[in-house]
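Here's the structure, in C-alpha coordinates; my notes come after.
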There are 2 protein chains.
Amino acid sequence: MKVAYGKSPVIYPIPIILAGANVGGKPNFETLGDVGLMGISPPLVFISSGKDHYTNIGILENNTYSINFPTTDMLAVTDYCGIVSGRDVDKSKLFEIFYGELKTAPMIKECPVNIECQVVKEFSIQHRQIFVGEVIMTYIDEEHLQEIDGRKVLAEMSQLDPIIYALDNRYYKIGEVIGTGYREGQSYSKND
Amino acid sequence: MKVAYGKSPVIYPIPIILAGANVGGKPNFETLGDVGLMGISPPLVFISSGKDHYTNIGILENNTYSINFPTTDMLAVTDYCGIVSGRDVDKSKLFEIFYGELKTAPMIKECPVNIECQVVKEFSIQHRQIFVGEVIMTYIDEEHLQEIDGRKVLAEMSQLDPIIYALDNRYYKIGEVIGTGYREGQSYSKND
(Lines give C-alpha, C1' and ligand atoms only; values in the text may rest on other atoms or scores of the structure.)
Protein backbone atom coordinates (compact mmCIF):
# COMPACT_ATOMS: atom_id res chain seq x y z
CA MET A 1 0.00 0.00 0.00
CA LYS A 2 1.20 3.51 -0.89
CA VAL A 3 1.55 5.92 2.03
CA ALA A 4 1.59 9.72 1.53
CA TYR A 5 4.97 10.68 2.99
CA GLY A 6 4.69 14.48 2.73
CA LYS A 7 6.53 16.95 0.51
CA SER A 8 9.83 15.12 0.78
CA PRO A 9 12.25 15.20 -2.18
CA VAL A 10 13.28 11.55 -1.70
CA ILE A 11 15.77 11.37 -4.58
CA TYR A 12 18.07 8.35 -4.22
CA PRO A 13 20.92 7.58 -4.49
CA ILE A 14 22.39 11.04 -3.79
CA PRO A 15 26.02 11.61 -4.90
CA ILE A 16 28.15 13.25 -2.22
CA ILE A 17 30.62 15.77 -3.64
CA LEU A 18 32.91 18.53 -2.46
CA ALA A 19 32.13 21.74 -4.35
CA GLY A 20 35.18 23.98 -4.67
CA ALA A 21 35.39 27.74 -5.14
CA ASN A 22 37.92 30.48 -4.47
CA VAL A 23 36.54 32.97 -1.97
CA GLY A 24 38.66 36.11 -2.04
CA GLY A 25 41.40 34.10 -3.74
CA LYS A 26 41.39 31.30 -1.15
CA PRO A 27 40.08 27.78 -1.86
CA ASN A 28 36.99 26.67 0.01
CA PHE A 29 35.06 23.40 -0.18
CA GLU A 30 31.44 22.60 0.65
CA THR A 31 29.96 19.11 0.95
CA LEU A 32 26.82 18.80 -1.16
CA GLY A 33 24.30 16.22 -2.28
CA ASP A 34 22.39 18.82 -4.28
CA VAL A 35 24.27 18.05 -7.46
CA GLY A 36 23.41 16.34 -10.70
CA LEU A 37 23.80 15.67 -14.37
CA MET A 38 21.77 17.95 -16.66
CA GLY A 39 22.97 16.63 -19.99
CA ILE A 40 25.90 15.01 -21.75
CA SER A 41 26.03 17.11 -24.92
CA PRO A 42 26.33 19.97 -24.08
CA PRO A 43 28.03 18.73 -20.89
CA LEU A 44 25.88 20.28 -18.16
CA VAL A 45 25.86 19.82 -14.39
CA PHE A 46 24.54 21.85 -11.47
CA ILE A 47 24.99 22.43 -7.78
CA SER A 48 22.44 24.01 -5.44
CA SER A 49 23.70 25.75 -2.31
CA GLY A 50 21.96 27.80 0.39
CA LYS A 51 22.26 31.55 -0.35
CA ASP A 52 24.03 32.29 2.92
CA HIS A 53 26.73 29.67 2.29
CA TYR A 54 30.30 30.89 2.13
CA THR A 55 31.08 28.97 -1.08
CA ASN A 56 28.43 30.92 -2.99
CA ILE A 57 30.44 34.12 -2.55
CA GLY A 58 33.36 32.57 -4.40
CA ILE A 59 31.24 31.11 -7.18
CA LEU A 60 29.65 34.51 -7.84
CA GLU A 61 33.07 36.17 -7.70
CA ASN A 62 34.63 33.98 -10.43
CA ASN A 63 31.65 32.40 -12.19
CA THR A 64 33.42 29.07 -11.78
CA TYR A 65 33.33 26.11 -9.42
CA SER A 66 34.61 22.56 -9.19
CA ILE A 67 32.97 19.24 -8.35
CA ASN A 68 35.21 16.74 -6.55
CA PHE A 69 34.24 13.15 -5.73
CA PRO A 70 35.60 11.91 -2.41
CA THR A 71 36.20 8.20 -1.78
CA THR A 72 34.75 6.33 1.19
CA ASP A 73 38.07 6.56 3.08
CA MET A 74 37.55 10.35 2.99
CA LEU A 75 34.19 10.03 4.78
CA ALA A 76 35.20 11.84 8.01
CA VAL A 77 36.74 14.88 6.30
CA THR A 78 33.88 15.00 3.78
CA ASP A 79 31.21 14.96 6.48
CA TYR A 80 33.24 17.57 8.38
CA CYS A 81 33.24 19.91 5.34
CA GLY A 82 29.43 19.80 5.48
CA ILE A 83 29.32 20.65 9.17
CA VAL A 84 31.70 23.64 9.37
CA SER A 85 31.65 26.86 7.35
CA GLY A 86 34.59 28.39 5.50
CA ARG A 87 33.79 31.53 7.50
CA ASP A 88 35.07 29.73 10.63
CA VAL A 89 37.51 27.13 9.32
CA ASP A 90 40.22 27.34 6.68
CA LYS A 91 39.32 24.27 4.61
CA SER A 92 42.10 24.95 2.08
CA LYS A 93 44.46 23.18 4.50
CA LEU A 94 42.49 19.92 4.47
CA PHE A 95 43.44 18.83 0.98
CA GLU A 96 46.13 19.02 -1.69
CA ILE A 97 44.79 21.48 -4.23
CA PHE A 98 45.36 21.90 -7.95
CA TYR A 99 43.96 24.14 -10.67
CA GLY A 100 43.05 23.42 -14.28
CA GLU A 101 42.11 25.51 -17.27
CA LEU A 102 39.90 27.94 -15.40
CA LYS A 103 42.56 28.90 -12.81
CA THR A 104 39.86 29.91 -10.30
CA ALA A 105 38.17 26.57 -9.57
CA PRO A 106 40.23 24.77 -6.91
CA MET A 107 40.24 20.98 -7.17
CA ILE A 108 41.16 18.25 -4.69
CA LYS A 109 44.02 15.94 -5.66
CA GLU A 110 42.86 13.17 -3.27
CA CYS A 111 39.55 12.85 -5.16
CA PRO A 112 39.79 10.45 -8.12
CA VAL A 113 37.50 12.56 -10.34
CA ASN A 114 37.35 16.36 -10.58
CA ILE A 115 35.18 18.49 -12.84
CA GLU A 116 35.80 22.17 -13.47
CA CYS A 117 32.74 24.18 -14.39
CA GLN A 118 31.94 27.54 -15.89
CA VAL A 119 28.64 28.96 -14.61
CA VAL A 120 26.30 29.35 -17.61
CA LYS A 121 23.12 30.04 -15.64
CA GLU A 122 22.34 31.06 -12.07
CA PHE A 123 18.94 31.38 -10.43
CA SER A 124 17.37 31.33 -7.00
CA ILE A 125 14.26 29.71 -5.59
CA GLN A 126 13.59 31.00 -2.12
CA HIS A 127 16.90 30.60 -0.23
CA ARG A 128 18.41 28.09 -2.68
CA GLN A 129 20.89 29.35 -5.24
CA ILE A 130 21.36 27.08 -8.23
CA PHE A 131 24.47 27.22 -10.40
CA VAL A 132 24.24 25.42 -13.73
CA GLY A 133 27.74 24.70 -14.98
CA GLU A 134 29.17 23.77 -18.34
CA VAL A 135 32.00 21.28 -17.94
CA ILE A 136 35.27 22.85 -19.10
CA MET A 137 37.49 19.90 -18.24
CA THR A 138 37.28 16.66 -16.26
CA TYR A 139 40.32 15.16 -14.54
CA ILE A 140 40.62 11.51 -13.57
CA ASP A 141 43.41 9.66 -11.78
CA GLU A 142 45.16 7.60 -14.42
CA GLU A 143 44.70 4.34 -12.48
CA HIS A 144 40.92 4.77 -12.75
CA LEU A 145 40.94 4.67 -16.52
CA GLN A 146 40.98 1.39 -18.38
CA GLU A 147 41.81 0.83 -22.00
CA ILE A 148 39.04 -0.83 -24.03
CA ASP A 149 39.55 -1.15 -27.80
CA GLY A 150 42.34 1.43 -27.64
CA ARG A 151 40.10 4.00 -25.91
CA LYS A 152 40.61 5.16 -22.33
CA VAL A 153 37.33 4.72 -20.49
CA LEU A 154 36.10 5.15 -16.96
CA ALA A 155 36.75 2.30 -14.52
CA GLU A 156 33.98 0.44 -12.73
CA MET A 157 32.33 2.56 -10.02
CA SER A 158 33.50 0.24 -7.23
CA GLN A 159 37.04 1.36 -8.06
CA LEU A 160 36.09 5.05 -7.80
CA ASP A 161 34.46 4.08 -4.46
CA PRO A 162 32.11 7.07 -4.08
CA ILE A 163 30.35 8.21 -0.92
CA ILE A 164 26.62 7.86 -1.51
CA TYR A 165 23.84 9.36 0.59
CA ALA A 166 20.08 9.15 1.01
CA LEU A 167 17.49 11.13 2.94
CA ASP A 168 17.53 8.43 5.63
CA ASN A 169 20.72 10.34 6.61
CA ARG A 170 22.94 7.31 5.98
CA TYR A 171 26.05 7.06 3.85
CA TYR A 172 26.48 4.06 1.54
CA LYS A 173 29.02 2.35 -0.71
CA ILE A 174 28.28 1.37 -4.30
CA GLY A 175 27.30 -2.25 -5.01
CA GLU A 176 27.89 -4.64 -7.89
CA VAL A 177 27.34 -4.25 -11.62
CA ILE A 178 23.96 -5.56 -12.80
CA GLY A 179 23.82 -4.66 -16.48
CA THR A 180 24.62 -2.46 -19.44
CA GLY A 181 22.80 0.66 -20.62
CA TYR A 182 20.60 0.48 -23.73
CA ARG A 183 21.11 -3.29 -23.83
CA GLU A 184 19.05 -4.80 -20.98
CA GLY A 185 15.78 -3.66 -22.52
CA GLN A 186 16.50 -4.44 -26.15
CA SER A 187 14.44 -7.59 -26.32
CA TYR A 188 11.82 -6.42 -23.85
CA SER A 189 8.18 -6.43 -24.66
CA LYS A 190 5.24 -6.74 -22.30
CA ASN A 191 4.48 -10.19 -23.69
CA ASP A 192 7.94 -11.66 -23.08
CA MET B 1 48.60 11.25 -11.95
CA LYS B 2 45.59 13.27 -13.16
CA VAL B 3 44.62 12.81 -16.78
CA ALA B 4 42.52 15.40 -18.67
CA TYR B 5 39.48 13.36 -19.72
CA GLY B 6 37.71 15.97 -21.86
CA LYS B 7 34.45 17.84 -21.27
CA SER B 8 32.69 14.85 -19.75
CA PRO B 9 30.06 15.42 -17.03
CA VAL B 10 31.20 12.37 -15.02
CA ILE B 11 28.66 12.71 -12.19
CA TYR B 12 28.39 9.44 -10.21
CA PRO B 13 26.37 7.68 -8.98
CA ILE B 14 23.48 8.58 -11.32
CA PRO B 15 19.95 7.71 -10.10
CA ILE B 16 17.85 5.98 -12.74
CA ILE B 17 14.22 7.08 -12.68
CA LEU B 18 11.10 6.87 -14.80
CA ALA B 19 9.72 10.35 -15.41
CA GLY B 20 5.96 10.33 -15.91
CA ALA B 21 3.74 12.79 -17.77
CA ASN B 22 0.34 12.73 -19.43
CA VAL B 23 0.67 13.44 -23.14
CA GLY B 24 -2.74 14.30 -24.56
CA GLY B 25 -4.28 12.69 -21.50
CA LYS B 26 -2.33 9.43 -21.84
CA PRO B 27 0.43 8.39 -19.43
CA ASN B 28 3.95 8.19 -20.80
CA PHE B 29 7.22 7.34 -19.08
CA GLU B 30 10.80 8.23 -19.95
CA THR B 31 13.91 6.70 -18.37
CA LEU B 32 16.28 9.42 -17.15
CA GLY B 33 19.49 9.83 -15.21
CA ASP B 34 19.34 13.62 -15.60
CA VAL B 35 17.57 14.08 -12.30
CA GLY B 36 18.54 15.43 -8.92
CA LEU B 37 17.85 17.02 -5.60
CA MET B 38 17.92 20.85 -5.59
CA GLY B 39 16.95 21.42 -1.98
CA ILE B 40 15.01 19.96 0.91
CA SER B 41 13.20 23.06 2.13
CA PRO B 42 11.64 24.15 -0.17
CA PRO B 43 11.48 20.60 -1.57
CA LEU B 44 12.98 21.01 -5.04
CA VAL B 45 13.98 18.49 -7.69
CA PHE B 46 14.60 18.66 -11.42
CA ILE B 47 14.63 16.55 -14.56
CA SER B 48 16.38 17.42 -17.81
CA SER B 49 15.04 15.96 -21.03
CA GLY B 50 15.94 16.47 -24.68
CA LYS B 51 13.61 19.04 -26.31
CA ASP B 52 12.38 16.60 -28.94
CA HIS B 53 11.37 13.97 -26.35
CA TYR B 54 7.73 12.98 -26.28
CA THR B 55 7.46 13.32 -22.49
CA ASN B 56 8.29 17.04 -22.67
CA ILE B 57 5.03 17.68 -24.56
CA GLY B 58 3.04 16.33 -21.62
CA ILE B 59 5.03 18.22 -19.01
CA LEU B 60 4.46 21.51 -20.85
CA GLU B 61 0.78 20.64 -21.29
CA ASN B 62 0.09 20.14 -17.57
CA ASN B 63 3.04 21.79 -15.82
CA THR B 64 3.39 18.60 -13.79
CA TYR B 65 5.46 15.43 -13.87
CA SER B 66 6.28 12.47 -11.67
CA ILE B 67 9.54 10.80 -10.65
CA ASN B 68 9.33 7.03 -10.11
CA PHE B 69 12.16 4.88 -8.78
CA PRO B 70 12.32 1.42 -10.34
CA THR B 71 13.89 -1.52 -8.49
CA THR B 72 16.62 -3.70 -9.96
CA ASP B 73 14.12 -6.42 -10.90
CA MET B 74 12.57 -3.79 -13.21
CA LEU B 75 15.86 -3.31 -15.08
CA ALA B 76 14.71 -4.67 -18.46
CA VAL B 77 11.51 -2.60 -18.65
CA THR B 78 13.34 0.47 -17.33
CA ASP B 79 16.11 0.21 -19.92
CA TYR B 80 13.42 -0.41 -22.55
CA CYS B 81 11.61 2.84 -21.62
CA GLY B 82 14.86 4.66 -22.39
CA ILE B 83 15.24 3.02 -25.79
CA VAL B 84 11.74 3.49 -27.27
CA SER B 85 9.71 6.69 -27.65
CA GLY B 86 6.12 7.22 -26.56
CA ARG B 87 5.53 8.32 -30.17
CA ASP B 88 6.01 4.69 -31.26
CA VAL B 89 5.08 2.61 -28.21
CA ASP B 90 2.21 2.92 -25.74
CA LYS B 91 4.16 2.78 -22.48
CA SER B 92 1.01 3.27 -20.38
CA LYS B 93 0.44 -0.49 -20.75
CA LEU B 94 3.75 -1.44 -19.15
CA PHE B 95 2.85 -0.49 -15.58
CA GLU B 96 0.00 -0.17 -13.12
CA ILE B 97 -0.68 3.55 -12.89
CA PHE B 98 -2.07 5.75 -10.12
CA TYR B 99 -2.59 9.47 -9.65
CA GLY B 100 -2.16 11.67 -6.59
CA GLU B 101 -3.06 15.23 -5.71
CA LEU B 102 -2.09 16.74 -9.05
CA LYS B 103 -4.34 14.38 -11.11
CA THR B 104 -2.13 14.88 -14.20
CA ALA B 105 1.16 13.29 -13.07
CA PRO B 106 0.90 9.53 -13.67
CA MET B 107 2.82 7.37 -11.18
CA ILE B 108 3.95 3.75 -11.31
CA LYS B 109 2.60 1.44 -8.61
CA GLU B 110 5.45 -1.09 -9.02
CA CYS B 111 8.01 1.58 -8.01
CA PRO B 112 8.49 1.78 -4.21
CA VAL B 113 8.86 5.59 -4.21
CA ASN B 114 6.96 8.11 -6.33
CA ILE B 115 7.22 11.89 -6.28
CA GLU B 116 4.66 14.20 -7.87
CA CYS B 117 5.99 17.55 -8.96
CA GLN B 118 4.62 20.91 -9.99
CA VAL B 119 6.87 22.72 -12.46
CA VAL B 120 8.03 25.97 -10.83
CA LYS B 121 10.68 26.86 -13.39
CA GLU B 122 11.49 25.74 -16.92
CA PHE B 123 14.49 26.71 -19.02
CA SER B 124 16.49 25.45 -21.96
CA ILE B 125 20.18 25.23 -22.69
CA GLN B 126 20.74 24.29 -26.31
CA HIS B 127 18.57 21.18 -26.88
CA ARG B 128 18.14 20.34 -23.18
CA GLN B 129 14.93 21.36 -21.47
CA ILE B 130 15.14 21.53 -17.69
CA PHE B 131 12.06 21.30 -15.49
CA VAL B 132 12.53 22.33 -11.87
CA GLY B 133 9.75 20.83 -9.78
CA GLU B 134 8.39 21.54 -6.35
CA VAL B 135 7.42 18.31 -4.62
CA ILE B 136 3.67 18.26 -4.03
CA MET B 137 3.53 14.80 -2.49
CA THR B 138 5.76 11.76 -2.12
CA TYR B 139 4.34 8.23 -1.97
CA ILE B 140 6.18 5.27 -0.47
CA ASP B 141 5.16 1.61 -0.21
CA GLU B 142 4.27 1.04 3.43
CA GLU B 143 6.73 -1.86 3.79
CA HIS B 144 9.61 0.52 3.01
CA LEU B 145 8.91 2.72 6.00
CA GLN B 146 10.23 1.82 9.40
CA GLU B 147 9.11 3.22 12.72
CA ILE B 148 11.86 4.88 14.76
CA ASP B 149 10.87 6.68 17.98
CA GLY B 150 7.24 6.68 16.85
CA ARG B 151 8.11 8.37 13.53
CA LYS B 152 7.79 6.68 10.15
CA VAL B 153 11.11 7.02 8.35
CA LEU B 154 12.61 5.80 5.12
CA ALA B 155 14.02 2.26 5.07
CA GLU B 156 17.63 1.50 4.23
CA MET B 157 18.42 2.01 0.56
CA SER B 158 19.20 -1.69 -0.01
CA GLN B 159 15.52 -2.34 0.66
CA LEU B 160 14.44 0.23 -1.94
CA ASP B 161 16.94 -1.51 -4.28
CA PRO B 162 17.41 1.30 -6.83
CA ILE B 163 18.90 1.01 -10.30
CA ILE B 164 22.07 3.09 -10.35
CA TYR B 165 24.01 4.18 -13.42
CA ALA B 166 27.33 5.76 -14.34
CA LEU B 167 28.82 7.14 -17.55
CA ASP B 168 30.71 3.88 -18.01
CA ASN B 169 27.26 2.78 -19.30
CA ARG B 170 26.89 0.17 -16.56
CA TYR B 171 24.00 -0.33 -14.15
CA TYR B 172 24.76 -0.97 -10.47
CA LYS B 173 23.11 -2.00 -7.20
CA ILE B 174 23.53 -0.04 -3.97
CA GLY B 175 26.09 -1.30 -1.44
CA GLU B 176 26.28 -1.37 2.35
CA VAL B 177 25.80 1.43 4.89
CA ILE B 178 29.08 3.09 5.94
CA GLY B 179 28.00 5.91 8.24
CA THR B 180 25.61 8.62 9.37
CA GLY B 181 25.28 12.17 8.06
CA TYR B 182 26.59 15.08 10.16
CA ARG B 183 28.12 12.58 12.59
CA GLU B 184 31.17 11.02 10.90
CA GLY B 185 32.99 14.35 10.78
CA GLN B 186 32.09 15.68 14.20
CA SER B 187 35.41 14.92 15.82
CA TYR B 188 37.46 15.52 12.69
CA SER B 189 40.34 17.90 12.61
CA LYS B 190 43.40 17.78 10.36
CA ASN B 191 45.56 16.89 13.38
CA ASP B 192 43.56 13.83 14.43
Side-chain angles (χ1 to χ4, degrees), chain A residues 1-5 7-15 33-34 36-39 42-45 48 72 75-77 79-80 83 93-94 113 125-126 128 130 135 137-140 142 154 157 162 164 166-182 184-185 188 190, chain B residues 1-5 7-15 33-34 36-39 42-45 48 72 75-77 79-80 83 93-94 113 125-126 128 130 135 137-140 142 154 157 162 164 166-182 184-185 188 190:
Chain A
M1 205 191 67
K2 296 284 179 190
V3 175
Y5 189 64
K7 296 172 190 295
S8 185
V10 184
I11 297 291
Y12 62 91
I14 294 171
D34 315 75
L37 176 68
M38 280 192 165
L44 296 174
V45 297
S48 165
T72 64
L75 183 58
V77 68
D79 192 63
Y80 176 71
I83 294 173
K93 298 222 161 42
L94 298 171
V113 177
I125 296 178
Q126 293 183 42
R128 302 300 305 190
I130 290 118
V135 177
M137 189 49 73
T138 296
Y139 301 88
I140 302 183
E142 199 171 20
L154 203 59
M157 216 187 328
I164 305 175
L167 292 191
D168 62 359
N169 195 32
R170 292 184 187 102
Y171 292 117
Y172 296 85
K173 277 178 93 79
I174 191 66
E176 68 264 34
V177 173
I178 54 167
T180 303
Y182 309 100
E184 303 308 321
Y188 185 89
K190 188 63 184 166
Chain B
M1 205 192 65
K2 295 284 178 190
V3 175
Y5 189 65
K7 298 173 188 293
S8 183
V10 183
I11 297 291
Y12 62 92
I14 294 171
D34 315 75
L37 176 68
M38 281 193 165
L44 297 174
V45 297
S48 166
T72 62
L75 183 58
V77 69
D79 190 66
Y80 176 72
I83 294 173
K93 298 221 162 44
L94 298 171
V113 177
I125 296 178
Q126 293 182 41
R128 303 299 305 188
I130 290 118
V135 176
M137 188 51 73
T138 296
Y139 301 88
I140 302 183
E142 199 170 21
L154 202 60
M157 215 188 326
I164 305 174
L167 292 191
D168 61 0
N169 195 32
R170 294 184 186 102
Y171 292 116
Y172 295 85
K173 276 179 93 79
I174 191 66
E176 70 263 35
V177 173
I178 54 167
T180 304
Y182 309 99
E184 303 308 321
Y188 185 89
K190 187 62 185 168

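These numbers come from the heavy atoms of this one structure, side chains and all, not from hydrogens, waters or symmetry mates. Below, chain A is the first sequence line, B the second, and so on; all start at residue 1.
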* Between A/R170 and chain B, which part of the residue has a heavy atom less than 4.5 Å away: side chain, backbone, both or neither? -> both

* Largest heavy-atom contact set with chain B, pairs under 4.5 Å, which of A/M38, A/M137, A/R128 -> A/M38

* To do: Below 4.5 Å from any heavy atom of chain A, which atoms of B/I130 appear? Answer side chain, backbone, both or neither.
  => side chain

* To do: Look at B/L167, B/T72, B/T138, B/V135 and state which one has the largest set of heavy-atom pairs under 4.5 Å with chain A.
  => B/T138

* Spacing of B/D79 atom CG and B/Y171 atom OH [to the nearest 0.5 Å] -> 3.5 Å

* To do: Select, from A/K2, A/E184, A/E142, A/K7, the one with the greatest count of heavy-atom pairs under 4.5 Å involving chain B.
  => A/K2

* To do: Return the minimal non-hydrogen interatomic distance between B/Y188 and A/Y80, and the atom names on each side.
  => O-CE1, 3.2 Å

* **Heavy-atom donor-acceptor pair, A/Y172 side chain to B/I174 backbone, under 3.5 Å** => no

* **Which atoms of A/V177 approach chain B - backbone, side chain, both or neither, heavy atom under 4.5 Å** => both

* Please look at B/V113 and chain A and tell me whether the side chain, the backbone, both or neither of the residue comes under 4.5 angstrom of a heavy atom of that chain. => both

* Structure fact -> Among A/A166, A/P15, A/G36, the residue with the most heavy-atom pairs under 4.5 Å to chain B is A/P15

* To do: Please round to the nearest 0.5 Å and tell me the distance separating atom CG of A/D168 and atom OH of A/Y12.
  => 11.0 Å

* **Greatest number of heavy atom pairs closer than 4.5 Å to chain A - which of B/I164, B/I178, B/L44, B/I125** => B/I178

* Asked: Picking from B/S8, B/P13, B/S48, which has the most non-hydrogen pairs under 4.5 angstrom with chain A?
  -> B/P13

* Would you please test B/Y182 and A/N169 for side chain to side chain contact (heavy atoms under 4.5 Å, CB included) and show each step? => CA-CA 8 Å; B/Y182 309 99; A/N169 195 32; 3.8 Å; yes

* To do: Below 4.5 Å from any heavy atom of chain B, which atoms of A/Q126 appear? Answer side chain, backbone, both or neither.
  => side chain

* Among the listed options B/V45, B/V3, B/I83, B/L75, the residue most often paired with chain A at heavy-atom distances under 4.5 Å -> B/V3

